[in-house]
Amino acid sequence: MDNKVTKQRISDHLEYDWFKYLLLAAVVIFAVVFAFNQINAERDEENINIFFACYEERDNDFIHTVKTKMAKSDYDEQKYGKNIIQTLSLEFVSPRNEQFSTLLSTHGAISSDVLILGKNSFYSAEQDSYVGAAGYQPFTQDILALTGLDKFTEKIGDGSGEVEFLRIGSDFKRVETGGAVYAVRIDNLANVDKIADFKSLTEDEKKTYPTEFYMVLNRIGVNMGGYSKEKKALNENKQTFFALKTFFEMYV
């Protein structure tokens, strides 16, 4: 049998089978690009996302400040985990936005670590309770310490380093003392207007839109150490709490 390779045979082969080589080349290029993207893609633990309900965002240096502090030599890796955060994002969404509920149930509930919401987002007038808060991670004593909130006076913020906790009892009714801390009120912090506007409502709008805003923790947030319900979460990664500690240092 004559198996000798000749120019003519190569030419004939390419003439009839060229598309196979083109397809193979396309598959190889796709595989290389896919592998490159997978290797370089940011992992969930490298991101902190904050869903921020307010009426207007303000120019601020919060993100820059957090990243700068995390890059310093005195950043406490033992306490908060290694400086692995690549992206810290604030998604400002106005309650006036017709798509607010949709964005909350998708971006907020699924991909955010922290949410800032109007009180109406978890208060049920029908049940006269904050039953909606049950879906969020309570601020335990450890979390209050990690976020620096244990250092502030528990009272309505009035510019003197005070904060207001939303404490909820077992019946999800609001209580003044005792009860679990499910949220931290932020619209009345002394310097919060440097990052967002919560006040620009007409009297008529106040009947429809929230006037009180609270910070809550998503139970599936990745960078919350052992407090997260997300299977991919690592106990040593608590960078979200460092970001919130910086938030309160800047805006209380």
If you group Ile, Leu, Val, Met, Phe, Trp and Tyr by side-chain heavy-atom gaps below 4.5 Å, do [X] and [Y] land in one group?
X      : Y      : answer
Met215 : Phe92  : yes
Ile220 : Leu88  : no
Phe51  : Ile195 : no
Tyr251 : Leu166 : no
Leu117 : Leu103 : yes

Between [Y] and [X], is there a side-chain heavy-atom distance shorter than 4.5 Å?
X      : Y      : result
Glu91  : Asn49  : no
Arg167 : Phe139 : no
Ile48  : Thr87  : no
Ile50  : Val114 : yes
Asp59  : Lys194 : no
Lys69  : Tyr75  : no
Phe247 : Thr147 : no
Met70  : Ile85  : yes

Side chain to side chain contact (heavy atoms under 4.5 Å, CB included) assessment of Glu212 paired with Arg185 | CA-CA 7 Å; Glu212 294 183 20; Arg185 187 175 177 183; 3.3 Å; yes

Working for side chain to side chain contact (heavy atoms under 4.5 Å, CB included), residues Val163 and Asn188 = CA-CA 8 Å; Val163 296; Asn188 59 356; over 6 Å; no

Yes or no on side chain to side chain contact (heavy atoms under 4.5 Å, CB included) for Asp193 and Asp197, after CA distance, side-chain angles and deciding distance?
-> CA-CA 5 Å; Asp193 60 343; Asp197 168 46; over 6 Å; no

Could you grab the distance from atom [atom1] of [X] to atom [atom2] of [Y], nearest 0.5 Å is fine?
X      : Y      : atom1 : atom2 : result
Lys72  : Asn83  : NZ    : CG    : 13.0 Å
Glu56  : Ser94  : CD    : OG    : 9.5 Å
Ser228 : Leu217 : OG    : CG    : 10.5 Å
Thr211 : Asn120 : OG1   : CG    : 9.0 Å
Ser89  : His107 : OG    : NE2   : 11.0 Å
Gln141 : Leu146 : CD    : CG    : 11.5 Å

Stepwise side chain to side chain contact (heavy atoms under 4.5 Å, CB included) check, Thr65 with Asn60 | CA-CA 9 Å; Thr65 301; Asn60 66 87; over 6 Å; no

Once the angle between the rings of Tyr130 and Phe122 is folded into 0 to 90°, is it parallel (under 30°), tilted (30 to 60°) or perpendicular (over 60°)?
->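 Judged by the thresholds at 30° and 60°, the geometry between Tyr130 and Phe122 is tilted.
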
Parallel under 30°, tilted from 30 to 60°, perpendicular over 60°: which one fits the rings of Phe52 and Phe198?
->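 Phe52 vs Phe198 ring planes: parallel.
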
Quick one: closest heavy-atom pair of [X] and [Y], and the distance?
X      : Y      : value
Asp113 : Gly221 : OD1-CA, 3.3 Å
Ile168 : Ala133 : CD1-CB, 3.6 Å
Glu57  : Cys54  : N-SG, 4.1 Å
Gln99  : Asn97  : N-OD1, 2.7 Å

Is the closest basic N to carboxylate O distance between [X] and [Y] below 4.0 Å?
X      : Y      : answer
Glu205 : Arg96  : yes
Lys151 : Glu249 : no
Lys199 : Asp187 : yes

Under 3.5 Å donor-acceptor, [X] side chain and [Y] backbone:
X      : Y      : result
Asp76  : Lys79  : yes
Ser112 : Ala109 : no
Thr240 : Asn223 : yes

Report yes if the distance between the aromatic ring centroids of Tyr55 and Phe213 is under 6.0 Å, otherwise no.
->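 Tyr55 vs Phe213: aromatic centres under 6.0 Å.
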
Taking atom types as modelled, is there a side-chain donor on Tyr123 or Asp128 under 3.5 Å from an acceptor on the other?
->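 The answer is yes; a qualifying pair exists.
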
Taking atom types as modelled, find out whether Tyr227 and Asp142 have a side-chain donor-acceptor pair closer than 3.5 angstrom.
-> yes

Ignoring hydrogens and angles, write down the donor-acceptor pairs under 3.5 Å from the side chains of residues 169-184, residues two or more places apart or on other chains.
residue: Asp171; atom: OD1; partner: Lys173; partner atom: N; Å: 3.0
residue: Arg174; atom: NH1; partner: Tyr214; partner atom: OH; Å: 3.4
residue: Arg174; atom: NH2; partner: Glu164; partner atom: OE2; Å: 2.5

